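To start, I am sharing the structure in question, which I have written as structure tokens.
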Amino acid sequence: MTCVTPPLAGRAADWFRAQARDLPWRRPGTTPWGVLVSEFMLQQTPVARVAPVWERWMTEWPTPSALAAASRADVLRAWGKLGYPRRAMRLHAAAEAIASEHGDRVPSDVDVLESLPGIGSYTARAVAAFGYGRRAPVVDTNVRRVVARAVHGAGDAGPARTKADLADVDALLPESDAEAAVVSAALMELGAVVCTARTPRCTLCPVHADCAWVAAGRPEYTGPRRPVQGFAGTDRQVRGRLLDVLRAAEEPVEKPALDAVWSDGPQRDRCLDSLLVDGLAEQTTDGRFVLGGTTPGARD
DNA sequence: GACTCGTGGTT
DNA sequence: TAACCAAGAGT
């Protein structure tokens, strides 16, 4: 039987092969581990901020076991200000699991990947597709927007419909593993550089002729919008400030130094406690505070 | 399903 | 300038 790649997917793939951005983790020779690291870092964080951190990270920890052997403090310092530092802890934990339970080899099976810390539906499929060239429907915010417009003719993606979203993307993928992986990358790239949230560049779009949204006259999105998360005054901001002090410190920090970053005492203490619970900070026996927590790799 | 978890560039 | 947005995951 003949199974022809849908025009939309085929055009997106051709466009991607012709002019994909030259991102560090797309270079030939990038290992599945490199892909996994990039996907962790790219969760909710822009490409431009991730790139330099990824480069240094892969030089220092080129394998899961190498990262597993590092201390939490070193991992958190290398993570720097990428944000959501719990991701760094989860990546560290995933590396430990991969090193000890999977022979230091990143799993290629989506279900196995999803069982690892910090790896959800998106990251598991991204690793399968971009790390191993497998056919896997990769659904992120970019892809959901591209599908919402090009396929459904809507102005934007509504709230996530996990199962339906996966099915929508699956329907676009050709049978071949290698070609499907390219289409997955292409859909993400389209959403990232052409079919963007605010001002889509439809005149540059390779699937312009196949786009249901364009055909419908680019109607505005009318569905519900998730309220943008505030930041000023939140626990996230306070935790960020506390962690910033600990990251910069070369020696254990006295409590007053942490007290100085936020005037609201109860909130400050609650946040510090949450950092301890998350393993992002630790209290020494003499009552001071340090980055990270105890790990096998920690020395002196 | 709603909420939480960082950070900083862009509009 | 305040709002918006950025390759999500866990609870």
Side-chain angles (χ1 to χ4, degrees), chain A residues 16 20-21 23-26 30 34-54 76 79-91 93-94 113-131 136-146 156-163 165-166 169 181 184-193 195-200 221 224-247 261-262 267 270-271 274-275 277-281:
Chain A
F16 181 82
R21 289 171 295 173
L23 305 178
W25 44 90
R26 286 179 178 168
T30 299
V35 172
L36 178 58
V37 171
S38 77
E39 295 302 342
F40 263 86
M41 292 180 172
L42 288 163
Q43 292 168 4
Q44 299 285 283
T45 304
V47 165
R49 289 229 305 280
V50 166
V53 179
W54 184 87
L76 284 169
W79 191 261
K81 306 199 78 170
L82 285 182
Y84 292 143
R86 292 192 300 187
R87 288 181 295 165
M89 296 294 88
R90 291 174 185 149
L91 176 54
L113 284 162
E114 276 197 85
S115 73
L116 296 171
I119 300 186
S121 174
Y122 162 78
T123 302
R125 288 167 178 78
V127 170
F130 311 142
V138 176
V139 180
D140 75 330
T141 182
N142 289 311
V143 174
R144 293 203 332 110
R145 184 172 55 249
V146 169
D156 205 343
R161 301 145 45 243
T162 312
K163 297 278 288 188
D165 291 338
L166 276 175
V169 175
S184 290
L187 293 175
M188 291 185 57
E189 186 81 349
L190 262 185
V193 308
C195 195
T196 53
R198 275 183 273 195
T199 48
Y221 177 74
R225 289 203 181 269
R226 178 194 302 203
V228 289
Q229 288 186 345
F231 181 64
T234 63
D235 285 4
R236 284 202 325 291
Q237 181 178 25
V238 180
R239 284 164 55 102
R241 287 196 183 180
L242 292 170
L243 215 52
D244 204 33
V245 171
L246 297 179
R247 255 197 311 264
V261 306
W262 199 255
Q267 183 182 23
R270 166 161 47 89
C271 288
S274 74
L275 290 178
V277 169
D278 288 344
L280 293 168

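Quick note: numbers below take in every heavy atom, side chains included, and nothing from hydrogens, waters or symmetry partners. Naming: A, B, ... by sequence-line order, numbering from 1 per chain. For clarity, every value in this text was computed on a predicted model and none was experimentally measured.
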- Message: Regarding A:D278, tell me which of base, sugar-phosphate or nothing describes its non-hydrogen contacts under 4.0 Å with the strands shown.
- Response: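 Nothing, no heavy atom under 4.0 Å.
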- Do A:Q229 and B:dC5 share a donor-acceptor pair, side chain to base, under 3.5 Å?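 Answer is yes: a donor-acceptor pair is held.
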- Which atom names give the shortest non-hydrogen contact between A:A128 and A:L113, and what distance separates them?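 Heavy-atom minimum between the residues: N-CD1, 4.3 Å.
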- Query: Rounded to whole angstroms, how far apart are CG on A:N142 and C1' on C:dA6?
  - Reply: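 Checked: the CG to C1' distance equals 9 Å.
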- Message: Just to be sure I understand the rule, does A:P159 reach a base, reach only the sugar-phosphate, or reach nothing, if contact means heavy atoms closer than 4.0 Å?
- Response: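 Since no nucleic acid heavy atom lies under 4.0 Å of A:P159, the category is nothing.
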- Query: Relative to the 5' end of DNA chain B, which residue comes earlier, A:L243 or A:A160, by the nucleotide with the nearest heavy atom?
  - Reply: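 Going by which nucleotide is closer to the 5' end, it is A:A160.
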- Message: So A:R21, base contact, sugar-phosphate only, or nothing? Heavy-atom distance under 4.0 Å.
- Response: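 Result for A:R21 = base.
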- Message: Going by the rule side-chain contact (heavy atoms from CB on, under 4.5 Å), which residues pair with A:P52 if we only count those two or more places apart in sequence or in a different chain?
- Response: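 In terms of side-chain contact (heavy atoms from CB on, under 4.5 Å), with neighbours along the sequence ignored, A:P52 is linked to A:R56.
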- Task: Can you see which heavy atom on A:A129 is nearest to which on A:V138, and at what distance?
- Result: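 Shortest heavy-atom contact: CB-CG2, 4.0 Å.
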- Query: Quick one: A:Q44 CD to C:dG8 C1', roughly how many Å, whole number?
  - Reply: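 Rounded to the whole Å, the gap is 5 Å.
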- Query: Tell me: OH of A:Y221 to P of C:dC5, nearest whole Å?
  - Reply: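 These atoms are roughly 12 Å apart.
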- Task: With sequence neighbours left out, write down each residue that passes ring-ring contact (aromatic ring centres under 6.0 Å, His included) with A:W262, or none if nothing qualifies.
- Result: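 A:W262: no ring-ring contact (aromatic ring centres under 6.0 Å, His included) contacts found.
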- Rounded off to whole Å, could you give me the CG-to-C1' distance for the A:L82 and B:dC5 pair?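 For the pair A:L82 CG and B:dC5 C1', the rounded distance is 14 Å.
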- Message: When you compare the side chains of A:R87 and A:T45, does any donor N or O come within less than 3.5 Å of an acceptor on the partner?
- Response: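 A:R87 vs A:T45: donor-acceptor pair found between side chains.
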- Query: Expressed in whole Å, how much space separates the C1' atoms belonging to B:dA2 and C:dA7?
  - Reply: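 Nearest-Å result for B:dA2 against C:dA7 at atom C1': 23 Å.
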- Contact class for A:L187 vs. all strands (heavy atom < 4.0 Å): base, sugar-phosphate, or nothing?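 Result for A:L187 = nothing.
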- Message: Holding to side-chain hydrogen bond (donor to acceptor under 3.5 Å, both in side chains), I want the full list of residues that pass it with A:R144, two or more places apart in sequence or in another chain.
- Response: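 A:R144 satisfies side-chain hydrogen bond (donor to acceptor under 3.5 Å, both in side chains) with A:D165 only.
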- Residues that A:R26 engages under salt bridge (charged side-chain N to carboxylate O under 4.0 Å, His left out), provided they are two or more places apart: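 Applying salt bridge (charged side-chain N to carboxylate O under 4.0 Å, His left out) to A:R26 gives A:E189.
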Protein-nucleic acid N or O pairs under 3.5 Å, nucleotides 8-10 of chain B:
residue	atom	partner	partner atom	Å
B:dG8	O4'	A:R49	NH1	3.4

- Message: So A:W79, base contact, sugar-phosphate only, or nothing? Heavy-atom distance under 4.0 Å.
- Response: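 Touches nothing.
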- Message: Please classify the nucleic acid contact of A:T199 as base, sugar-phosphate, or nothing, using heavy-atom distances under 4.0 Å.
- Response: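 A:T199: no heavy atom of the nucleic acid under 4.0 Å.
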- With sugar-phosphate meaning primed atoms plus P, OP1 and OP2, does A:R247 contact a base, only sugar-phosphate, or nothing at under 4.0 Å between heavy atoms?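 Since only primed, P, OP1 and OP2 atoms lie under 4.0 Å of A:R247, the category is sugar-phosphate.
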- Looking just at side-chain N and O atoms, do A:Q43 and A:Y122 make a donor-acceptor pair shorter than 3.5 Å?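 No.
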What are the atom names and distances for every N/O pair under 3.5 Å that joins the protein to nucleotides 9-11 of chain C?
residue	atom	partner	partner atom	Å
C:dA9	OP1	A:G120	N	3.0
C:dA9	OP1	A:T123	N	2.9
C:dA9	OP1	A:T123	OG1	2.6
C:dA9	OP2	A:Y122	N	3.3
C:dG10	OP1	A:G118	N	2.6

- Message: With hydrogens left out and only the distance checked, is there a donor-acceptor pair under 3.5 Å joining A:R145's side chain and the base of C:dA7?
- Response: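 Looking at the base of C:dA7, it does not pair with any donor or acceptor on the side chain of A:R145 (distance under 3.5 Å).
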- With the side chain of A:R236 defined as its heavy atoms from C-beta on, choose the nearest nucleotide among B:dC5, C:dC4, C:dA7.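 Output: B:dC5.
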- Task: Compare the minimum distances between each of C:dA7, C:dA6, B:dG6 and the side chain of A:A197, then state the nucleotide with the smallest one.
- Result: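 Closest nucleotide among those given: C:dA6.
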- CZ-CZ distance between A:R239 and A:R270, expressed to the nearest 0.5 angstrom: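 Going from CZ on A:R239 over to CZ on A:R270, the span is 11.0 Å.
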- Message: Between the side chains of A:D244 and A:R247, is the shortest nitrogen-to-carboxylate-oxygen separation below 4.0 Å, so that they form an ion pair?
- Response: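 A salt bridge links A:R247 with A:D244.
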